[in-house]
J.: 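Sharing a structure, written as C-alpha cells. Questions coming.
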Protein chains: 2
Amino acid sequence: MGRVKLQIKRIENTTSRQVTFSKRRNGLIKKAYELSVLCDVDVALIMFSPSGRLGHFSGNKSIEEILVRYVNLPEHERGSPMSTDSQIEVLHA
Amino acid sequence: MGRVKLQIKRIENTTSRQVTFSKRRNGLIKKAYELSVLCDVDVALIMFSPSGRLGHFSGNKSIEEILVRYVNLPEHERGSPMSTDSQIEVLHA
DNA sequence: CGACCTATGTATAATGT
DNA sequence: TACATTATACATAGGTC
C-alpha cells in the first residue's frame, strides 16, 4: 500500500525499518483482534525485534494459556487445519 | 473492506464465520510474514478456532523457540514496546 | 472447501507539521 | 521524534464455480 509498491525484503535503513515496524505491528495486532472477535478464535501473537522492541496480542485468553495449549498438542497436529471429527475431539479436549 | 463494511463482532452464521476465518487467517499470516521480513523481526502467530481449526506461522525461527524466549521474559517485560536503554539491554541479554 | 472475481473499505509509504 | 495527511496498494465481503 502507500505511495509506492514495496518489495518484501529487509528494509536496510534503520529509521525506516523501525517506522515501518511500528505501523505494521499495530496493523497486525488490529487484524488479529478483528479475527479473534469476528470468528470467535483464540489468537496469540508475539513479535521480537532485533532493534529492541517487543509486542504481543491475545484475545480473551492469556497468551500463556494459548501457548500451553499449543505446546501440548501432539506434533502431528500442529500446523494444519483440523478436519476429521476425531481430531476435533482432541483439539477440544 | 469488501463490498460491505463489517462490524467487528462475532459472525453468527457458521458458514460465513468459517469462510471469513479462512480468508482472514491467510491475510494475517501474510502480514505476519511481511512484517518478519521487512523489519527483520521474529514473529509467532497461533490461532485456535472453536470450530476445530488451527493455524500458525513463524519466520526463520521455530514457534517453539520464540515461545520459549517469550516465556523466559520476566513478567514486567512482557506486553509493551521497549523504550529505555536499560530495558533494551535486558531484552538483548 | 478452496480458487477466482470485482467492488469497496483498509492499511500504509511517503510526506508534511 | 512523534503525530497528521494523502495518495495508492492491498485485503476482503459477497458471489460464482
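Chain naming here is simple, since letters A, B, ... match the order of the sequence lines and numbering starts at 1 in each.
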J.: Measure the distance from CD1 on B:I8 to C1' on C:dT10 and round it to the nearest whole Å.
T.: 11 Å

J.: Can you list everything that forms a salt bridge (charged side-chain N to carboxylate O under 4.0 Å, His left out) with A:R3? Sequence neighbours excluded, please.
T.: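 Here no residue qualifies.
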
J.: If we only count heavy atoms from C-beta on, is the B:L67 to B:I46 side-chain gap below 4.5 Å?
T.: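 Sidechains of B:I46 and B:L67: in contact.
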
J.: Enumerate all atom pairs, one protein N or O and one N or O from nucleotides 14-17 of chain C, separated by less than 3.5 Å.
T.:
| residue | atom | partner | partner atom | Å |
| --- | --- | --- | --- | --- |
| C:dA14 | N6 | A:K23 | NZ | 3.1 |

J.: Round to the nearest Å and state the distance from B:N26 atom CG to D:dA11 atom C1'.
T.: 11 Å

J.: Want to settle it: does B:L38 or B:M1 sit nearer the 5' end of DNA chain C, counting the closest nucleotide to each?
T.: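 The residue closer to the strand's 5' end, by nearest nucleotide, is B:M1.
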
J.: For A:K30 and C:dA11, is the shortest distance between a side-chain N/O and OP1 or OP2 below 4.0 Å?
T.: yes

J.: Which pairs with one or both residues in residues 26-35 of chain B pass salt bridge (charged side-chain N to carboxylate O under 4.0 Å, His left out), sequence neighbours excluded?
T.: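 Applying salt bridge (charged side-chain N to carboxylate O under 4.0 Å, His left out) to every pair that reaches into residues 26-35 of chain B, excluding sequence neighbours, yields A:R24-B:E34.
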
J.: For A:I29 and C:dT10, give me the distance from atom CD1 to atom C1', rounded to whole Å.
T.: 17 Å

J.: Between atom CG in A:L28 and atom P in C:dT10, what is the gap in whole Å?
T.: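 Result: 18 Å.
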
J.: If you count every heavy atom of other residues, nucleotides or ligands that lies below 6.0 Å from A:N60 atom CG, does the total exceed 12?
T.: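 No, not enclosed.
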
J.: Using a 3.5 Å limit on both distances, find every run of at least three consecutive Watson-Crick or G-U pairs that involves DNA chain D.
T.: C:2-17 with D:2-17

J.: Expressed as a whole number of angstroms, how long is the span from B:R25:CZ to D:dT12:P?
T.: 12 Å

J.: Flag the pair A:L73 / B:L54 as yes when at least one side-chain heavy-atom distance between them is below 4.5 Å, and no otherwise.
T.: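 Yes, side chains in contact.
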
J.: For the side chain of B:Q18, counting heavy atoms from C-beta on, which of D:dA13, C:dC1, D:dA11 is nearest?
T.: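 So the side chain of B:Q18 is nearest to C:dC1.
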
J.: Whole Å only: how far is the CZ atom of A:R24 from the P atom of C:dT10?
T.: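 A:R24 atom CZ is separated from C:dT10 atom P by 18 Å.
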
J.: A side-chain contact here means heavy atoms from C-beta on lying under 4.5 Å apart; do B:V41 and A:R25 qualify?
T.: no

J.: Please give, in whole Å, the distance from D:dA13 P to B:R17 CZ?
T.: 14 Å

J.: Indicate, with yes or no, if A:V37 and A:F57 share a hydrophobic cluster defined by side-chain heavy-atom contacts under 4.5 Å among Ile, Leu, Val, Met, Phe, Trp and Tyr.
T.: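 Yes, one cluster joins them.
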
J.: Please confirm whether the shortest side-chain N or O distance from B:K5 to OP1 or OP2 of D:dT12 is below 4.0 Å.
T.: no

J.: Could I get the full list of side-chain contact (heavy atoms from CB on, under 4.5 Å) partners for B:V68, not counting sequence neighbours?
T.: B:N72

J.: Please determine, for the side chain of B:E34, which listed nucleotide (C:dG2, D:dA11, D:dT12) has the closest atom?
T.: D:dA11

J.: Run the side-chain hydrogen bond (donor to acceptor under 3.5 Å, both in side chains) test against B:K61 and tell me which residues pass, sequence neighbours left out.
T.: B:D42

